[in-house]
Amino acid sequence: MRVLSPLLKAVILEHLDVLERLINYVAERERLKEQEERRRQAIARRRRMWVSPWLQHRRLHGQYEKLMKELHAEDVTAFTNFMHMEPPAFHELLTRIAPRITKQDTNCRKALEPGLKLAITLRFLATGNSYKSLQYGFRVAHNTISMFIPQVCQAIIEELSDEVLMCPDTPEGWKQVAQQFYNCWNFPHCVGAIDAKHVAIKKPLKAGSLFYNDKGFFSIVLLAIVDAHYKFMYVDIGRTGSGSDAGVFNESPFKSAIEAGHLNLPEADPLPHDDQPLGYFLVGDDAFALKTWLMKPLPLQNMTRQQQVYNYRLSRARRVVENAFGLLAARFRCLLVALPLTPDKVIKITHACCVLHNFLQLRNPTTDVATLDQEDPQHNHEIIPGSWRQDAQLPDMEHLYRGDTSRAAMEQRNYLIEYVNSPVGSVPWQDELLNIH
């Protein structure tokens, strides 16, 4: 029998030692891999199983599954108060956006019903309640709510915007708007009332003073143009609260379009029962500059009787935008709280509120009539203040547009002053109403 030399024996032992360590290393890797897989499976099991028991009772006690069905069957008025929307409007909205917000079931969990998502979103918009507060009534975890509310708002915008929130794109369409203003508010050639409001937000991270406005809080800006029936025709949302007031309107696409003549406004034509051509225009308050395409009130100091009549007549048309904002805030009180969300989410929520506002106005324009200002025809059309004036309101913007006033704009306003005081342009009650005041 041949005896191995000591050197060869040492080499073999060394290789055996290396091989053993390699085998142990591979075995340890496999053990750690199996351990990690067991850990992941345990986490997955815990995630599947870790749902608070009271959340699992949603179908038995959740507000969507129980309360809303009871209200729908037994008290439609209460359902409307709860959702700020009548049942037919709720069901129509659900039918239209359901394909956009429906998710597939997974092995881990069953997807939430689209109706439940919509109900929670509408309740959030109507109240401004926190996600953590909403979770207890609807029995849906607050972190889940935070994920789908922006998605539902986006679905509402995508589904309805082109139908309910848009400007006319033809001269005939603008003339219809002007005719509505004349029929409802006795002011001719008005194609919209314009104003802007602050929407409060929590200070965004690392934003410095970018969103801090001159009223002492953080905000984004909602600029809107409204028709004679309190519907938004145009909204510009998201300008930072710290921006100059003039910049809010100066930087809007609408101003560029109207100055460039791209809105397809009608050609100038005579006012009702008159013979001198006059252009079509918006109406706004003193925050705006006087332009041929934007008429505003005269300063209150040292006004003549004719000027007072003009201010009164213009204010009847301009008041629709004040009431539209008041009704918007009454319907969607989330706009009255400083939402602790990023600006892009607040913009999306605000846009969805404007779209839903128009949707509701079109479906049933008399639902919230008590919220709006009314005029008493038996007493010289005196204003009966709407309930929105006693409630919290969106803060005003000031000095929105301080451009130069042209001679043509002043001449146009002077002609309107003469017209509303003339036999063909006056209304029967205007002198008596001013005598009262």
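Not measured: the values here are computed from a predicted model.
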* Between Asp274 (side chain) and Pro270 (backbone), is there a donor-acceptor pair under 3.5 Å? -> no
* With distance as the sole criterion, is a donor-acceptor pair present between the side chains of Asn129 and Arg123 under 3.5 Å? -> no
* What are the two closest heavy atoms between Gly241 and Asn213, and how far apart are they? -> O-CB, 3.3 Å
* Distance-only side-chain donor-acceptor flag, Ser252 / Asp236, under 3.5 Å -> no
* With distance as the sole test, does Trp174 use its side chain to make a donor-acceptor pair with the main-chain N or O of Leu263 at under 3.5 Å? -> yes
* Asked: Between Asp373 (side chain) and Gly386 (backbone), is there a donor-acceptor pair under 3.5 Å?
  -> yes
* Return yes if some donor-acceptor pair links the side-chain N/O of Asn358 with the main-chain N/O of Phe232 below 3.5 Å, else return no. => yes
* How many angstroms lie between CZ in Phe288 and CZ in Phe249, if you round to the nearest 0.5 Å? -> 6.0 Å
* Asked: Under the ring pair (Phe, Tyr, Trp, His ring centres under 6.0 Å) rule, what pairs show up with a residue in residues 254-273, not counting sequence neighbours?
  -> Tyr234-Phe254
* **Pairing residues for Glu65 by the side-chain hydrogen bond (donor to acceptor under 3.5 Å, both in side chains) criterion, not counting sequence neighbours** => none
* Asked: Got a sec, which pairs hit ring pair (Phe, Tyr, Trp, His ring centres under 6.0 Å) with one end in residues 110-136, sequence neighbours left out?
  -> Trp54-Tyr136, Phe124-Tyr131
* To do: Taking Ser209 for its side chain and Tyr212 for its backbone only, find out whether a donor-acceptor pair lies under 3.5 Å.
  => no
* Structure fact -> Contacts satisfying salt bridge (charged side-chain N to carboxylate O under 4.0 Å, His left out) that involve residues 93-104 (not counting sequence neighbours) are Glu92-Arg96, Arg96-Glu159, Arg96-Glu163, Arg100-Glu158, Arg100-Glu159
* Taking the side chain as C-beta and beyond, is there a heavy-atom pair between His189 and Met295 under 4.5 Å? -> no
Donor-acceptor pairs under 3.5 Å, side chain of residues 69-83 to any protein atom, not counting sequence neighbours: which ones?
unit_1 : atom_1 : unit_2 : atom_2 : d
His72  : NE2    : His91  : NE2    : 3.1
Asp75  : OD1    : Thr77  : N      : 3.3
Asp75  : OD1    : Ala78  : N      : 3.0
Thr80  : OG1    : Val76  : O      : 3.0
Asn81  : ND2    : Thr77  : O      : 3.4

* Are Glu259 and Lys291 close enough for a salt bridge, meaning some N to O gap below 4.0 Å? -> no
* To do: Determine, stepwise, if the pair Leu112 / Arg58 fulfils side chain to side chain contact (heavy atoms under 4.5 Å, CB included).
  => CA-CA 11 Å; Leu112 296 177; Arg58 179 170 63 244; 3.5 Å; yes
* Does any N or O in the side chain of His351 come within less than 3.5 Å of the main-chain N or O of Ile157, such that one atom is a donor and the other an acceptor? -> no
Pair up each side-chain donor or acceptor in residues 324-345 with any protein partner under 3.5 Å, not counting sequence neighbours, and list the distances.
unit_1 : atom_1 : unit_2 : atom_2 : d
Arg331 : NE     : Asp368 : OD2    : 2.9
Arg331 : NH1    : His357 : O      : 3.4
Arg331 : NH1    : His357 : ND1    : 3.2
Arg331 : NH1    : Gln361 : OE1    : 3.3
Arg331 : NH2    : Gln361 : OE1    : 2.9
Arg331 : NH2    : Asp368 : OD2    : 3.0
Arg333 : NH1    : Asp391 : OD2    : 2.9
Arg333 : NH2    : Asp391 : OD1    : 3.3
Thr342 : OG1    : Asp344 : OD1    : 2.5

* Measure the shortest side-chain to side-chain distance between Leu118 and Phe90 over non-hydrogen atoms and say whether it is less than 4.5 angstrom. => yes
* Asked: If only atom types and distance count, is the side chain of Tyr419 paired as donor or acceptor with the main-chain N or O of Pro272 below 3.5 Å?
  -> yes
* For Leu125 and Cys353, which heavy atoms make the closest approach, and how far apart are they? -> CD2-SG, 3.9 Å
* To do: Could you tell me whether the side chains of Asn364 and Glu86 share a donor-acceptor contact shorter than 3.5 Å?
  => yes
* Taking all heavy atoms of Met85 and all of Leu93, pick out the closest pair and write down the distance. => CE-CD2, 4.0 Å
* **Thr366 side chain vs Val369 backbone, donor-acceptor pair below 3.5 Å** => no
